[in-house]
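First comes the structure, then the notes that go with it.
Residue indices begin at 1 and follow the sequence shown. Below, each value reflects all heavy atoms present in this structure, side chains not excepted, and no hydrogens, waters or symmetry copies.
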Amino acid sequence: MTTATDPALTAAERRLIDAAQEVVSRLPEDGAYLHTVASAVMDVRGDIHTGANVGHFTGGPCAELVALGTAAAAAAGPIALIVAVGDGGRGVIGPCGRCRQVLLDQQPDCRVIVSDGGEWFSVPARDLLPHSYQHPDADPPRLLRFSPQHWGSVVDGGKTATTRFDDPAVPGPVTLMFEFDDRYRALPGVVDSVEHVRFADLTDAQAALEGCTADELRAALRTYYYPDIRDDDVVDFVRFRTV
């Protein structure tokens, strides 16, 4: 059902877009333009929750906010992924400014599927609102994402550190989320500490917590995750644990 050029999309992202497109296809064409956008969100377990906008002159809710409310009503966990699609074959559309602010305050680690006009791809919610204001009372749930190959080593306690670039983590409670293609898996956890260090200055002692030397860690990060990272870039060395 997904129709845009989508080589960059994951299986989960395609599944979420299809869910939103299925909802938008059922919106009534009553000429009143009350429902013109559908949204779908995916929580950290891989469950999908959907909603549609409610147009009104007083400022009815956007589809993204309705979908977030639907997820909350279902007692969903933190939101990992969100998309909105327009009626009339418009495909994926980006969130408005209000929705971007809500996501930043309530789900900052969520990824948002957007369009550049010819391709659909996902970006972190924080990237949609640069130089942003964040509500001082916001205390959103946080995510720490992992590739599925790390599931076993995190579950058995063998992996308790991770190195991140442009993927901020903060000390405190966190959901450890593993991005399997068919379903996400999640574990409750805690980030114990975050050290900011130049990429070139990663130490063997830090790398040992990831089961390798500093040179091996830098090579792996460049090969599999951050091919354009520079020696002077600052990375986060994160210590975490399951609870």
Side-chain angles (χ1 to χ4, degrees), residues 2 6-17 41-48 76-83 107-113 120-127 141-195 197 199 202-229 233-243:
T2 309
D6 64 354
L9 294 175
T10 66
E13 290 167 346
R14 288 192 292 270
R15 187 160 64 95
L16 193 68
I17 293 171
V41 302
M42 184 177 291
D43 64 27
V44 293
R45 294 183 297 271
D47 294 331
I48 293 176
I79 300 303
L81 191 62
I82 186 169
V83 69
Q107 304 288 341
D109 298 321
C110 173
R111 294 189 68 88
V112 185
I113 302 173
W120 298 343
F121 54 95
S122 70
V123 297
R126 63 182 177 275
D127 286 359
R142 301 306 301 261
L143 303 180
L144 199 60
R145 296 171 181 263
F146 292 91
S147 298
Q149 64 262 29
H150 296 304
W151 170 262
S153 60
V154 172
V155 168
D156 65 20
K159 181 174 176 62
T160 59
T162 181
T163 306
R164 304 297 171 106
F165 175 57
D166 195 26
D167 184 14
V170 295
V174 69
T175 297
L176 310 175
M177 197 191 88
F178 300 80
E179 300 182 89
F180 291 86
D181 281 344
D182 53 345
R183 298 284 296 183
Y184 293 157
R185 297 183 187 178
L187 296 169
V190 172
V191 170
D192 289 317
S193 65
V194 180
E195 298 174 62
V197 58
F199 184 69
L202 285 166
T203 67
D204 284 332
Q206 290 170 325
L209 296 176
E210 297 212 48
C212 58
T213 67
D215 286 342
E216 290 169 339
L217 178 58
R218 280 188 287 268
L221 290 170
R222 279 197 166 108
T223 300
Y224 298 110
Y225 299 104
Y226 312 119
D228 298 324
I229 197 168
D233 285 327
V234 175
V235 297
D236 289 349
F237 187 79
V238 182
R239 289 182 172 89
F240 67 92
R241 55 188 165 87
T242 59
V243 295

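- Rounding to the nearest 0.5 Å gives a distance of 11.0 Å between CG of Leu187 and CG of Leu144.
- In this structure, CZ in Arg111 is found 7.0 Å from CD in Glu13, a value given to the nearest 0.5 Å.
- Not a single donor-acceptor pair under 3.5 Å links the side chain of Glu210 to the backbone N or O of Leu217.
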**Request:** Starting from the C-alpha separation in whole Å, work towards a yes-or-no answer on side-chain contact (heavy atoms from CB on, under 4.5 Å) for Leu81 and Ile113.
**Result:** CA-CA 8 Å; Leu81 191 62; Ile113 302 173; 4.0 Å; yes

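- Residues Arg126 and Pro168 form a side-chain contact, since some pair of their non-hydrogen atoms from C-beta on lies under 4.5 Å apart.
- Nearest heavy-atom pair, Ser147 versus Phe178, reported as atom, atom and distance to 0.1 Å: O-CD2, 3.9 Å.
- The heavy-atom pair separating Ala125 from Pro108 by the smallest distance is CB-O, 4.1 Å.
- Using a 4.5 Å heavy-atom cutoff, the side chains of Leu176 and Phe240 are in contact.
- Checking side-chain atoms of Asp204 against main-chain N and O of Thr213 turns up no donor-acceptor pair under 3.5 Å.
- Below 30°, between 30° and 60°, or above 60°: for Trp151 and Phe180 the angle between ring planes is above 60°, a perpendicular geometry.
- Across all their heavy atoms, Val191 and Val170 have their closest contact at CB-O, 3.4 Å.
- To the nearest 0.5 Å, atom CG of residue Asp181 and atom CZ of residue Arg15 are 10.0 Å apart.
- Atom CD1 of Ile82 is separated from atom CD of Gln107 by 8.5 Å, given to the nearest 0.5 angstrom.
- To the nearest 0.5 angstrom, Arg218 atom CZ is 6.0 Å from Leu202 atom CG.
- The minimum heavy-atom distance between Asp43 and Ala76, with the atom names listed, is OD2-CB, 3.5 Å.
- The side-chain heavy atoms of Val44 and Tyr184, taken from C-beta on, include no pair separated by under 4.5 Å.
- The shortest non-hydrogen separation linking Gly189 to Val243 is N-CG2, 3.8 Å.
- Interatomic distance, Asp166 CG to Ile229 CD1, rounded to the nearest 0.5 Å: 9.5 Å.
- Taking each heavy atom of Gln206 and Phe237 in turn, the nearest pair found is O-CZ, 3.1 Å.
- Side-chain atoms of Arg183 come within 3.5 Å of backbone atoms of Arg45 as a donor-acceptor pair (strictly under, hydrogens ignored).
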**Request:** Given side-chain contact (heavy atoms from CB on, under 4.5 Å), test Tyr226 with Leu221 step by step and report yes or no.
**Result:** CA-CA 6 Å; Tyr226 312 119; Leu221 290 170; 4.1 Å; yes

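- Because its NZ or CZ atom is both nearer than 6.0 Å to the ring centre of Phe146 and within 45° of the ring axis, Arg164 counts as a cation-pi partner of that residue.
- The salt bridge (Lys or Arg N to Asp or Glu O under 4.0 Å) pairs that include a residue from residues 142-155 are Asp109-Arg142, Arg145-Glu179, where partners are two or more places apart or lie in different chains.
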